[in-house]
2 protein chains.
Amino acid sequence: MTGRLREGPPRPVRHSAVLGISARTDYAVRAMLALADARAASAEHLTSELLARRQSLPHKFLESVLLELRVAGLVTSRRGPRGGYVLARPAAEISLGDVFRAVDGPLAEVRGLRPQDTAYEGVAEHLPAVWVAVRSSLSEVLDGTSLQDLLDGDLPPHVASLVDSSERAGG
Amino acid sequence: MTGRLREGPPRPVRHSAVLGISARTDYAVRAMLALADARAASAEHLTSELLARRQSLPHKFLESVLLELRVAGLVTSRRGPRGGYVLARPAAEISLGDVFRAVDGPLAEVRGLRPQDTAYEGVAEHLPAVWVAVRSSLSEVLDGTSLQDLLDGDLPPHVASLVDSSERAGG
DNA sequence: CACGAACCCTATGGGGTTAGTAGGAATTGC
DNA sequence: GCAATTCCTACTAACCCCATAGGGTTCGTG
């Protein structure tokens with residue numbers, strides 16, 4: 001009874017994805033790239049408003065992201081007229097890992113714990129090693145790529161080869 | 001002024017972490033390991049109840065995880081007395097990536113999109129390459145490690161070396 | 001053919017995070 | 001002092017995560 005035929009394709013669509021890059025993180029990286037690009041041209045401060053327009057980001061939301069980037073010491077800010085934001089260091093000295101950690105906390109967590117702090121009984125005994133490896137592989141990409149690399153489109157060799165291997169595998 | 005010193009350590013504790021392994025995923029892997037171990041010993045089915053007890057997991061919650069593993073074709077189930085769950089394939093032919101995808105969907109997503117489907121304007125132009133690389137590095141670890149590897153504590157070379165490099169780096 | 005063991009399924013709920021908006025207080029260059 | 005701009009707090013609506021409850025359904029077994 002209750003004839004539960006589902007007609008349309010309602011699509012449960014469970015998307016959590018182990019590795020989920022949020023809008024917040026995405027925006028942070030793009031804002032940092034815009035700042036890196038601007039820094040190459042002049043020493044001017046960029047306002048959050050302008051930054052938002054250049055990358056089509058929601059202005060007020062971006063403001064809160066910039067706040068976190070400042071607290072993390074990746075950008076410096078100035079209030080008032082001619083105020084705005086500047087990169088705190090050269091773009092070659094800021095990695096994607098720095099940006100990620102500023103807005104997302106630690107790169108990897110297992111149920112709220114750092115990978116190396118996990119512990120299991122019995123048959124799952126060797127699991128922590130995998131968690132650590134996963135974090136480490138992430139770090140090799142994110143900590144190995146700087147904002148400057150991204151501006152130049154010139155990724156480190158091991159990162160570029162990961163892109164290639166993915167293309168060969170077909171996605 | 002307005003003396004807004006916060007006395008206690010309220011701990012903002014923003015833990016989202018780019019790569020967050022949820023309880024659900026953790027449980028799924030541990031249940032699969034328990035099944036892999038049992039399969040080595042006999043051809044019996046394991047009940048969800050017993051599985052839960054062996055790895056100290058919440059029983060009813062685990063049931064819903066097992067359902068997803070069955071839908072994904074990683075385990076088969078039997079109802080009634082002497083029912084329960086068995087691995088659908090040998091433990092050496094089931095990777096952690098298989099388990100992750102069964103309960104978490106695609107390994108990596110950027111704002112709900114597959115890494116290779118992202119697109120950016122201007123200064124962020126090369127970002128998709130990084131997203132793809134990140135997904136690929138994750139895949140190399142998770143798709144390269146089987147349940148059997150974990151039971152044996154004998155991880156593939158490139159995974160083991162990631163663990164080592166992490167220890168050298170101090171976490 | 002009943003009985004009971006076990007899976008199967010849906011509903012529910014509390015707590016948390018995410019994405020985003022709004023409004024104003026604080027600061028600072030001019 | 002004025003205006004620009006950051007800084008901060010509060011708020012909302014939607015969604016996800018973990019978990020529990022209560023059955024319905026299937027199927028070996030005696």
Side-chain angles (χ1 to χ4, degrees), chain A residues 1-2 4 6 10-18 20-28 31 35 44-53 56-71 75-86 103-105 109-112, chain B residues 1-6 10-18 20-28 31 35 44-53 56-71 75-86 103-105 109-112:
Chain A
M1 59 193 73
T2 75
R4 59 182 129 82
R6 310 181 182 169
R11 285 305 203 143
V13 188
R14 164 178 341 285
H15 44 26
S16 45
V18 202
I21 285 158
S22 62
R24 191 172 200 82
T25 308
D26 187 64
Y27 296 170
L35 286 171
E44 304 265 306
H45 284 63
L46 275 181
T47 71
S48 63
E49 176 77 38
L50 188 55
L51 228 29
R53 213 139 8 100
S56 315
L57 311 177
H59 171 227
K60 289 301 259 178
F61 188 40
L62 177 61
E63 266 193 5
S64 76
V65 174
L66 287 166
L67 172 66
E68 290 184 302
L69 293 171
R70 181 184 61 90
V71 168
V75 304
T76 57
S77 62
R78 188 169 53 182
R79 294 194 194 183
R82 303 195 58 82
Y85 301 86
V86 217
V103 300
D104 257 351
E109 274 179 1
V110 181
R111 305 190 55 198
Chain B
M1 350 249 103
T2 75
R4 57 179 127 80
L5 18 135
R6 311 179 181 170
R11 285 307 204 140
V13 188
R14 162 179 340 287
H15 43 26
S16 44
V18 202
I21 285 157
S22 61
R24 190 171 199 84
T25 308
D26 187 65
Y27 296 170
L35 286 171
E44 304 265 306
H45 284 63
L46 275 181
T47 70
S48 62
E49 176 77 36
L50 188 54
L51 227 29
R53 215 141 5 102
S56 314
L57 310 177
H59 171 227
K60 290 300 258 180
F61 187 41
L62 177 61
E63 265 193 6
S64 75
V65 175
L66 287 166
L67 172 65
E68 290 183 302
L69 293 171
R70 181 184 60 92
V71 168
V75 304
T76 57
S77 61
R78 187 169 54 183
R79 296 194 193 185
R82 303 193 59 79
Y85 301 86
V86 219
V103 300
D104 258 350
E109 274 179 1
V110 181
R111 305 191 54 199

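Numbered from 1 within each chain, the chains take letters A, B, ... in sequence-line order. As a basis for the values below, the full set of heavy atoms in this structure was taken, side chains included, without hydrogen atoms, waters or symmetry mates.
Looking only at distances, a side-chain donor or acceptor of A:Arg78 sits under 3.5 Å from a matching main-chain atom of A:Arg82.
OP1 or OP2 of C:dC8 has at least one side-chain nitrogen or oxygen of B:Tyr85 nearer than 4.0 Å. Taking side-chain N and O atoms only, A:Thr47 has no distance below 4.0 Å to OP1 or OP2 of D:dA4. Side-chain N/O atoms of A:Arg111 include none lying less than 4.0 angstrom from OP1 or OP2 on D:dC18. Considering only side-chain N and O atoms, A:Tyr27 lies nowhere under 4.0 angstrom from the phosphate OP1 or OP2 of C:dA19. At C:dA5, none of the side-chain N or O atoms of B:Arg82 fall inside 4.0 Å of OP1 or OP2 (strictly under the cut-off).
You'll find that the side chain of B:Pro81 is closest to C:dG4, out of C:dC8, D:dC17, C:dG4. The nucleotide whose nearest atom lies closest to any side-chain atom of A:Pro58 is, among C:dT21, D:dC27, D:dC18, C:dT21. Side-chain proximity of B:Arg79 to the nucleotides D:dG24, D:dT6, C:dA19 is greatest for D:dG24.
By the 4.5 Å heavy-atom criterion applied to side chains, A:Ser64 and A:Arg24 are counted as neighbours. In this structure, the side chains of B:Tyr27 and B:Leu57 come closer than 4.5 Å at one or more pairs of heavy atoms. A:Arg111 has its side chain out of reach of B:Ser22: every pair of non-hydrogen atoms, C-beta onward, lies at least 4.5 Å apart. B:Val65 places none of its side-chain heavy atoms less than 4.5 Å from the side chain of B:Thr25.
As a whole-Å value, the separation of B:His59 NE2 from D:dT20 P is 11 Å. Spacing between atom CZ of B:Phe61 and atom P of C:dG14 amounts to 18 Å, rounded to whole angstrom units. Following rounding to the nearest Å, B:Asp104 (CG) and D:dC16 (C1') show an atom-to-atom distance of 12 Å. The nearest whole Å value for the distance from the CG atom in A:Leu67 to the P atom in C:dA26 is 17 Å. Atom CG of B:Leu66 and atom C1' of D:dA19 are 15 Å apart (whole Å). In this structure, A:Glu109 atom CD and C:dG16 atom P are separated by 16 Å, rounded to whole Å. As a whole-Å value, the separation of B:Glu49 CD from C:dA6 P is 9 Å. Atom P of nucleotide D:dC16 and atom CD of B:Glu68 are separated by 13 Å, given to the nearest angstrom.
At a threshold of 4.0 angstrom between heavy atoms, the contacts of B:Ser48 are confined to the sugar-phosphate backbone, with no base atom among them.
Side-chain N/O atoms of B:Glu63 and base N/O atoms of C:dC7 include no donor-acceptor pair closer than 3.5 Å.
In terms of position on DNA chain C, the residue among A:Thr25 and A:Lys60 whose nearest nucleotide sits closer to the 5' end is A:Thr25.
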